[in-house]
Amino acid sequence: MATCIDMAPTGSSTQPNPRSHQSKEPNNNNNNSSNHLKFVSFCRRSFSSDNTVSCAATTICPTRTVATTSESRKVIDYGEDPDEDKIDLWLKMQGEARTDIEEEPILTSFYLSSILSQNSFESALANHLSLKLSNPSLPSNTLFDIFIGVLTEDEEIIKAVKDDLRAVKERDPACISYVHCFLNFKGFLACQAHRVAHKLWSQRRKVLALLIQNRVSEVFAVDIHPGAKIGHGILLDHATGVVVGETAVIGNNVSILHNVTLGGTGKACGDRHPKIGDGVLIGAGTCILGNIRIGEGAKIGAGSVVIKDVPARTTAVGNPARLVGGKQNPIKLDKIPSLTMDHTSHISEWSDYVI
């Protein structure tokens, strides 16, 4: 299905309000019009008298460009299968939202307020997180202002968010679409809230950062200290019970399952938490304790307790964890485990375990 987007003029000095059309004031969903279901039609929120762009309904665009009286429209054809790294995730999510509305009209109001009435990816994320993390004494409007301020000023955070979104879609077979992950996967949402909290922590706004950490822990059951450093392309699969300490560092393209702890070994202060290299896979129920390093491309089996360094491209399993193949000549992995999500291939090489 093609999606048509009105390309508004860029010369106007009037800027859209990032808080406009939020969830408490969604588009009127009582209008039984096909334009809600057949195409995306966005306009700037305000215009000068000589800078008006029509939002009139139209049919699905059969070609890539359609001439109109005031503007040309850019058309994204989702019938094709473009390179996932090159597609515009925001436009893709809008198209997926409209498809979901067609399948489940009862969710029209939810998708309109969460995705289709938002004027940007950043606004949608800030709105969704603020609603999730708000409570009676911490209004969503206050949280929205915090989130949108950080997300719009730091392009690296948005790049990391999109890399995380792609990572979930590529590695988790339970993820049916980008918009599904964006709205419903608490591991993804907890990670993005942490990115905002970490930015505030680095700006010495520690009280506010710790408040966000607390709300994420209460709402998503994910406890990541705002001082922890996290790379791009992160998958927190299921995510319940994940704990990450203050001085922990997680590299790029890391996959972590539920009930994983990256913790300290006692009351010592200073640099006291694990350092996780790029491409590492950490199985469910694992504890990695102390200022140790898990090398790039390593795999930690489910339920392991790791208290010593793990070399790159090796597998550690057990309590306490041992290297598959032995310490002197460990078996080297030939694929990146965080991308393959292979949790069990080491068993036949390490154990004669049978049922």
Side-chain angles (χ1 to χ4, degrees), residues 114 124-126 128-135 143 147 157 160-198 201 209-246 248-263 273-274 276 278-289 294 299-306 337-343:
S114 300
L125 181 58
H128 196 51
L129 287 175
S130 65
L131 292 175
K132 287 282 189 180
L133 300 178
S134 63
N135 63 22
L143 286 173
F147 287 126
I157 289 181
V161 172
K162 293 181 178 180
D163 287 345
D164 293 349
L165 198 56
R166 293 187 182 96
V168 178
K169 181 65 168 58
E170 292 169 1
R171 301 176 209 164
D172 188 351
C175 181
I176 60 176
S177 66
Y178 292 107
V179 76
H180 176 224
C181 170
F182 186 92
L183 295 176
N184 301 317
F185 277 36
K186 69 175 187 176
F188 169 80
L189 294 172
C191 190
Q192 309 329 314
H194 166 75
R195 295 189 187 283
V196 174
H198 179 71
W201 182 267
L210 291 168
L211 175 63
I212 293 173
Q213 175 201 3
N214 174 257
R215 289 300 298 147
V216 170
S217 179
E218 291 176 338
V219 174
F220 299 130
V222 177
D223 193 356
I224 307 176
H225 192 283
K229 299 177 181 179
I230 296 181
H232 295 203
I234 304 300
L235 168 61
L236 299 182
D237 197 0
H238 302 291
T240 300
V242 169
V243 177
V244 180
E246 177 183 2
V249 177
I250 300 175
N252 298 324
N253 300 314
V254 172
S255 295
I256 299 175
L257 274 80
H258 49 286
N259 288 322
V260 167
T261 297
L262 306 182
H273 296 107
I276 310 300
D278 297 346
V280 170
L281 171 62
I282 304 177
T286 294
C287 291
I288 304 176
L289 305 176
I294 309 301
K299 175 164 59 175
I300 311 299
S304 299
V305 177
V306 186
S338 68
L339 304 184
T340 65
M341 298 296 290
D342 178 7
H343 294 270

Which value, rounded to the nearest 0.5 Å, describes the distance between [X] atom [atom1] and [Y] atom [atom2]?
X    : Y    : atom1 : atom2 : answer
H343 : I282 : NE2   : CD1   : 11.0 Å
L143 : S130 : CG    : OG    : 6.0 Å
K169 : S177 : NZ    : OG    : 7.5 Å
L235 : N253 : CG    : CG    : 10.5 Å
L262 : I276 : CG    : CD1   : 5.0 Å

How close do [X] and [Y] get, counting heavy atoms only, and between which atoms?
X    : Y    : answer
L125 : V161 : CD2-CG1, 3.9 Å
L236 : C191 : CD1-CB, 4.2 Å
R171 : V254 : NH1-O, 3.5 Å
W201 : P226 : CE3-CG, 3.6 Å
R195 : D164 : NH2-OD2, 2.7 Å
A228 : V244 : CB-CG1, 3.8 Å

Query raised in the report: Looking at residues at least two apart in the chain, or sitting in another chain, which of them share a salt bridge (Lys or Arg N to Asp or Glu O under 4.0 Å) with R215?
Result: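 With sequence neighbours excluded, R215 shows a salt bridge (Lys or Arg N to Asp or Glu O under 4.0 Å) to E218, given in chain and number order.
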Sub-3.5 Å donor-acceptor pair from the side chain of [X] to the main-chain atoms of [Y], do we have one?
X    : Y    : value
Q192 : F188 : yes
D278 : N252 : yes
S255 : S338 : yes
T286 : G301 : yes

Query - Of all pairs that satisfy side-chain hydrogen bond (donor to acceptor under 3.5 Å, both in side chains), the ones with a partner from residues 226-238, not counting sequence neighbours - result: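 Sorted pair list: D163-H232.
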Requested in this report: Could you note down all residue pairs passing side-chain hydrogen bond (donor to acceptor under 3.5 Å, both in side chains) where residues 179-188 supplies at least one of them, sequence neighbours left out?
Outcome: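 Only K186-T240 qualify under side-chain hydrogen bond (donor to acceptor under 3.5 Å, both in side chains).
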Does the side chain of [Y] come within less than 4.5 Å of [X]'s, by heavy atoms?
X    : Y    : value
K132 : L183 : no
H194 : I230 : yes
V219 : L189 : no
L281 : K299 : yes

Query - From CA spacing to verdict: side-chain contact (heavy atoms from CB on, under 4.5 Å), L133, V216 - result: CA-CA 7 Å; L133 300 178; V216 170; 4.0 Å; yes
